[in-house]
Amino acid sequence: MIRYAFAIATFAVFASPASAQREFDPDRVDKSAIGSRFKIAEESVNATQMRKFQKKIVRCTVSGDRDLARELLQKSDPASIDHRELSVSYNEMMEEMNFGRCIGRAMPRSARMMRVSYKPSVMRNLMAEEIYLYDNKEPLTISEGDPEYLENRYFAGGQSYTMAEVPARLADCIVYNAPVKSHEFIDTNPTTGGEDKAAAALTDTINACLPGEGEVSLTITQLRAYVADGLWSRSYYGKMATGSVIVDGEGSE
């Protein structure tokens, strides 16, 4: 974990996405289910305020070196980063992408110092959103014959494990069944009415994709992390798996 201090306001900016701990069984998914299992949990006032700040920091960091950001995504999964496979250490990556400078640029004028504490895995999922949006100006088009679950996803350590596979499969299911709505959700600005509306539009899809039984609550921050991972993974691994995922509006440096 890295901490950057700059002073007067202290914020806990990055919270790790919560994920269900049950094994995901695709055979138990009822794609026609429409109910109220999934609910968006309310976030604290501080968390809501900090989401705008968080977005500025990560967008600035990714723009510092998109190739390094892509390498980080390619050598990680939703729960962990495979540090052994990185060309430079994670801390060096953050330095080269000017993470500290980006905090200073995003810091409110009223704050003379700010302390940011975060987990690398959380930064990874936030980067997935920025890289996906940079490379894809329009929603992905998924062909009928494409796989719903991306079996060629990279998992840290070389094999899948529950903490990463559960959110990965949920993300794959959401994006496969609602690629346009997923894109529209991630393309909204945090804390806006547009974001709320786009999240609500995904409710039926999420209900159908949830594993097991019982009610599941996610904050909108956590939902963005799932959907962003699913979109980036589909745009990257989907093309390698079948060659039939069409990506419109490639970004340019």
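Only a predicted model underlies this, so the values are computations on that prediction, with no experimental measurement involved. Residue numbers start at 1 and run along the sequence shown.
Legend: residues meeting side chain to side chain donor-acceptor pair (under 3.5 Å) with Glu85, ordered by chain and number and at least two apart, are absent. Taking Lys55 as the reference, Glu129, Glu130 meet the side chain to side chain donor-acceptor pair (under 3.5 Å) condition, with sequence neighbours excluded. Under the side chain to side chain donor-acceptor pair (under 3.5 Å) criterion, Ser76 pairs with Arg124, sequence neighbours left out. Phe185 meets the ring pair (Phe, Tyr, Trp, His ring centres under 6.0 Å) test with no other residue; sequence neighbours excluded.
One distance of note links NZ of Lys75 with OH of Tyr154; it measures 5.0 Å at 0.5 Å rounding. Atom CD of Gln222 is separated from atom CG of Asn125 by 11.5 Å, given to the nearest 0.5 angstrom. Atom CH2 in Trp232 sits 4.0 Å away from atom OH in Tyr237 (nearest 0.5 Å). With values rounded to the nearest 0.5 angstrom, Glu165 atom CD is found 10.5 Å from Asp77 atom CG. Note that OG1 of Thr61 and CE of Met127 are 6.0 Å apart. Values are rounded to the nearest 0.5 Å. How far OG1 of Thr141 is from CG of Asp146: 10.5 Å, rounded to the nearest 0.5 Å.
Screening residues 130-170 for disulfide (SG to SG under 2.5 Å) gives no qualifying pairs among residues at least two apart or on separate chains. Sorted by first and then second residue, the salt bridge (charged side-chain N to carboxylate O under 4.0 Å, His left out) pairs involving residues 149-164 (not counting sequence neighbours) are Glu151-Arg169, Arg153-Asp172, Arg153-Asp229.
The residues Asp135 and Arg66 are annotated as not salt-bridged, no charged nitrogen and carboxylate oxygen being separated by less than 4.0 angstrom.
In the hydrophobic clustering of ILVMFWY residues, with side-chain heavy atoms under 4.5 Å counting as a link, Tyr149 and Phe155 come out apart.
Using a 4.5 Å heavy-atom threshold, the side chains of Phe99 and Glu95 count as separate.
Side chain of Glu195 to backbone of Thr191: a donor-acceptor contact under 3.5 angstrom is found. The backbone N or O of Ala200 lies less than 3.5 Å from a partner atom in the side chain of Thr203, making a donor-acceptor pair. Not one N or O on the side chain of Asn189 forms a donor-acceptor pair closer than 3.5 Å with the backbone of Thr192. Judged by distance alone, with hydrogens and angles left aside, the side-chain atoms of Asp187 form no donor-acceptor pair with the main-chain N or O of His183 at under 3.5 Å.
Among all heavy-atom pairs drawn from Asn177 and Pro179, the shortest one is C-CD, 3.7 Å. Annotation for Glu148 and Tyr176: closest pair CA-CD1, 3.5 Å, computed over non-hydrogen atoms. Contact record, Met97 with Cys102: O-SG, 4.3 Å, taken as the closest heavy-atom pair. Ile186 and Leu231 get closest at one heavy-atom pair: CG1-CD1, 3.6 Å.
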Given the rule in the side-chain contact (heavy atoms from CB on, under 4.5 Å) test, do Leu140 and Val180 qualify, once you have shown the distances and angles that lead to the verdict?
CA-CA 7 Å; Leu140 299 174; Val180 175; over 6 Å; no
Could you go through the side-chain contact (heavy atoms from CB on, under 4.5 Å) check for Thr219 and Leu223 one step at a time?
CA-CA 6 Å; Thr219 66; Leu223 180 57; over 6 Å; no
